[in-house]
Amino acid sequence: MSTTEALVKELVEKNGRTRNSLMPVLQGIVQQEHFLSEEALICVAKELDLSAADVYGTASFYTFLDTVPRGKNIIRVCKTITCHMKGKDEVIKAISNALKIKVGETTHDNKFTLLSANCLGWCHKGPVMLINDEVFPELTPQKALEIVEEYAKK
Amino acid sequence: MENNLKKVDIIFEDSDKCAPLKVLEKTLKRTADDIILDLIDSGLKGRGGAGFPTGLKWKFTRNETSDVKYVICNADEGEPGTFKDREILDRVPEKIFTGMAICGYVVGAKEGYIYLRGEYNFLLKGLLKKLSDFNAALKKLNVDFQIYFKSGSGAYVCGEESALFESMEGKRGEPRNKPPYPTVAGYNSKPTVINNVETLVYTTMICHMGPEKFKALGTSDSRGSKVFSVSGDTPIPGIYELELGMPLHDFVNEFGDGDTKAVQVGGASGHCVPRKKFNDTIIGFEGIPTGGSMMIFNSSRSMYNVLHDYLEFFAEESCGQCTPCRVGCQQLLKGIEAVKRGERPPAYLDDLKKLTGTMKIAAKCGLGQSVGNPFNSIIDNFREEIIY
């Protein structure tokens with residue numbers, strides 16, 4: 001059994017074998033593997049007795065349930081109006097230059113993916129970014145780079 | 001200058017007097033009908049933005065006959081400019097749990113769910129600990145009600161109640177046709193009360209302090225207070241609980257930077273109010289209602305950029321299920337870009353306004369229906385900024 005298969009079985013065991021568990025199962029896979037591979041989606045479909053198309057259809061609806069390979073650390077910089085006004089463009093530019101990737105791309109070592117996100121709910125403390133589940137408000141380009149460097153060391 | 005702005009401290013008050021479990025114990029000694037009457041009497045309307053009377057929602061769900069009913073807390077706060085629910089979840093979660101437990105008692109539900117947006121996953125660890133303590137306390141009190149968390153995965157439209165149910169059922173977050181309304185067929189097609197985070201805290205506090213004190217605040221159409229998320233060009237951004245029914249003018253005096261050109265009331269899907277209308281715009285259900293988002297723009301801001309940001313947001317977040325919204329959002333965005341580049345005449349903006357009229361009638365849910373709010377209010381008040 002592959003590690004993905006084992007993970008899916010474990011998640012289905014934990015959340016239950018019903019349609020209502022589909023989201024927690026998919027979220028659990030993303031937590032471990034950073035994206036949903038074809039293998040993972042087919043495996044979930046089999047375990048929950050759904051069609052693979054149905055599982056893919058659900059997964060592809062949600063921004064956080066990626067179906068393309070992502071790096072170990074996913075950086076999401078908020079791009080909505082207040083963060084825009086407070087300088088998210090400079091933050092994105094700084095990270096983009098440092099990691100040598102554009103928004104939507106992943107570094108060659110698979111450590112980082114840089115994405116932009118819609119309102120993250122920190123409009124009074126913009127610009128803000130999420131790295132995986134952790135939040136970093138009140139960014140400056142300098143501060144953002146220091147945070148990314150910390151993650152690079154991990 | 002005279003200022004009618006009244007700051008209030010109900011939501012975040014955390015003295016021993018209003019300890020959530022004490023409020024719960026006290027309230028469960030009353031009859032469900034009494035609690036509903038108090039809520040209706042208080043005039044509390046939903047704080048998520050739509051403003052449906054909370055007492056009636058509970059009453060309708062109570063009146064349904066079903067073995068299984070649910071209480072759901074909508075913590076999928078995604079409206080640009082809104083961040084108050086995050087703060088409430090972080091600071092006074094027990095008041096939310098208590099509101100849900102009271103609701104469960106009133107309507108006859110045994111399960112409650114909090115649908116937390118994926119962007120707030122960092123709150124989950126702390127919340128789960130507090131929730132397991134609370135669930136244990138419920139068992140100790142012999143209350144047959146337990147609360148669980150469900151996480152979202154980054155979809156704005158899942159804040160729409162029926163899309164939220166779909167998501168909880170493991171499906172694409174596509175809104176359903178209404179009716180049936182959630183009070184009849186919500187989560188798992190069972191009668192469901194779905195309330196915003198802030199609304200549930202107010203229900204707890206109304207049970208604590210009685211409807212009179214709440215009713216004394218606000219106006220006849222907008223009773224009580226509300227938590228506002230203030231952002232943009234302001235020296236004091238943050239979260240403020242204010243009495244409802246204030247003139248926007250007073251709000252700007254308090255929070256503006258002296259150079260306020262416009263305020264977007266109610267987030268991206270709300271209305272843009274220009275300076276000349278500050279005096280006669282009331283913040284409340286009789287004027288412009290808001291889920292709490294107040295974004296302030298000063299004269300250095302281009303309203304074209306503001307509108308462009310909003311439309312990009314809607315074009316991305318439209319679930320794509322119904323054509324008026326899916327195509328409409330894209331065409332509005334492309335349309336203002338074309339006018340800006342001079343490829344379309346300024347009069348094209350009026351065609352686009354008609355399109356928002358079609359979306360308002362034909363779109364399936366609030367997302368597509370409300371895109372016209374920001375679009376028309378910005379075009380009508382800042383037309384020259386869109387064209388030149």
Side-chain angles (χ1 to χ4, degrees), chain A residues 15-31 36 44 48 50 54-66 74 76 78-86 88-89 115-126 128-138, chain B residues 77-87 117-125 150-158 166-174 187-188 229-234 236-239 264 267-268 293 295-297 300-301 305-306 308-310 312-313 316-317 319-320:
Chain A
N15 291 289
R17 206 170 290 270
T18 64
R19 175 82 196 223
N20 283 17
S21 339
L22 181 57
M23 288 288 283
V25 168
L26 296 177
Q27 286 160 347
I29 300 168
V30 170
Q31 194 90 40
L36 299 163
V44 171
L48 295 183
L50 298 167
D54 209 350
V55 174
Y56 176 77
T58 302
S60 59
F61 184 85
Y62 296 93
T63 317
F64 285 14
L65 300 178
D66 282 309
I74 301 177
R76 298 177 200 271
C78 178
K79 64 171 182 181
T80 306
I81 187 73
T82 347
C83 285
H84 194 172
M85 287 158 59
K86 303 289 175 194
K88 60 98 183 162
D89 284 340
L115 300 171
S116 61
N118 281 327
C119 192
L120 296 175
W122 290 85
C123 318
H124 59 324
K125 289 186 176 170
V128 60
M129 66 177 175
L130 281 178
I131 299 186
N132 309 326
D133 278 346
E134 233 181 310
V135 64
F136 300 97
E138 295 180 303
Chain B
E77 177 177 58
E79 187 64 48
T82 317
F83 41 89
K84 45 120 188 151
D85 290 342
R86 174 177 50 70
E87 193 89 359
R117 71 187 298 220
E119 289 84 343
Y120 292 169
N121 272 347
F122 61 91
L123 288 173
L124 207 51
K125 211 174 146 201
K150 289 260 184 186
S151 283
S153 270
Y156 167 75
V157 72
C158 288
E166 290 288 303
S167 176
M168 281 179 62
E169 291 172 16
K171 301 174 199 150
R172 294 166 67 85
E174 291 173 347
Y187 178 48
N188 290 339
S229 313
V230 184
S231 69
D233 294 311
T234 163
I236 44 170
I239 287 148
Q264 180 77 18
S293 170
M295 291 187 275
I296 303 175
F297 304 115
S300 75
R301 305 296 173 188
N305 287 345
V306 171
H308 193 271
D309 258 46
Y310 291 161
E312 224 175 47
F313 175 82
E316 279 176 25
E317 295 294 344
C319 80

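Just so it is clear, the structure is predicted and the values come from calculations on it, not from any experiment. Letters A, B, ... mirror the listed sequences (proteins, then strands); counts begin at 1.
Annotation: cation-pi geometry not satisfied between B:Arg117 and A:Phe64 (NZ/CZ under 6.0 angstrom from ring centroid, within 45° of ring axis). A cation-pi geometry, defined here as NZ or CZ lying under 6.0 Å from the six-membered ring centre and within 45° of its normal, does not hold between B:Arg86 and B:Phe83.
B:Cys319 touches chain A through backbone and side chain together, each having a heavy atom under 4.5 Å away. Proximity to chain B (any heavy atom under 4.5 Å) is shown, for A:Lys79, by both the backbone and the side chain. Proximity to chain A is limited to the backbone of B:Ile296, based on heavy atoms less than 4.5 angstrom apart. The parts of A:Ile81 that come within reach of chain B are both its backbone and its side chain, each placing non-hydrogen atoms under 4.5 angstrom from that chain. Interface residue B:Met168: only backbone heavy atoms are found under 4.5 Å from chain A. In this structure, chain A has no heavy atom under 4.5 Å from any part of B:Glu77. Proximity to chain A is limited to the backbone of B:Thr82, based on heavy atoms less than 4.5 angstrom apart.
In terms of heavy-atom pairs under 4.5 Å with chain A, the best-connected choice from B:Asn305, B:Val230, B:Val306 is B:Val306. When the candidates A:Arg76, A:Glu134, A:His84, A:Lys125 are compared by the number of heavy-atom contacts under 4.5 Å with chain B, A:His84 comes out ahead. The candidate from A:Cys123, A:Gly57, A:Pro24 with the greatest count of non-hydrogen atom pairs under 4.5 Å with chain B is A:Cys123. Ranking B:Lys150, B:Glu312, B:Glu119 against chain A, the residue ahead of the rest is B:Glu119, based on heavy-atom pairs under 4.5 Å. When each of A:Leu22, A:Leu130, A:Asn118 is scored by its heavy-atom pairs under 4.5 Å with chain B, the top score falls to A:Asn118. For the set A:Leu26, A:Thr80, A:Leu50, A:Leu120, the count of heavy-atom pairs under 4.5 angstrom toward chain B peaks at A:Leu120. No other option in A:Ser21, A:Gly121, A:Gly126 has as many heavy-atom pairs under 4.5 Å with chain B as A:Gly121. Between chain A and the options B:Gly267, B:Ala155, B:Pro80, the largest number of non-hydrogen pairs under 4.5 Å is found for B:Pro80. The candidate from B:Glu317, B:Arg301, B:Lys84, B:Gln264 with the greatest count of non-hydrogen atom pairs under 4.5 Å with chain A is B:Arg301.
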Inset, instruction - Show your working on side chain to side chain donor-acceptor pair (under 3.5 Å) between A:Tyr62 and B:Ser167 and close with a plain yes or no. - result: CA-CA 10 Å; A:Tyr62 296 93; B:Ser167 176; 3.1 Å; yes
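Contact annotation: the side chain of A:Thr63 never approaches that of B:Ser153 to less than 4.5 Å [non-hydrogen atoms, C-beta and beyond].
Considering only residues two or more places apart in sequence or on other chains, B:Phe313 meets the ring-ring contact (aromatic ring centres under 6.0 Å, His included) condition with B:Tyr156. Taking A:Asn20 as the reference, B:Tyr187, B:Asn188 meet the side-chain hydrogen bond (donor to acceptor under 3.5 Å, both in side chains) condition, with sequence neighbours excluded.
By the 30° and 60° cut-offs, the orientation of the rings of A:His124 relative to A:Trp122 is parallel.
Smallest separation of non-hydrogen atoms from B:Asn121 and B:Ser151: OD1-OG, 3.4 Å.
Electrostatic pairing of A:Asp133 and B:Lys125 does not count as a salt bridge here, judged by no charged N lying under 4.0 Å from a carboxylate O.
Expressed to the nearest 0.5 Å, how far CG of B:Asp309 lies from SG of A:Cys83 amounts to 10.5 Å.
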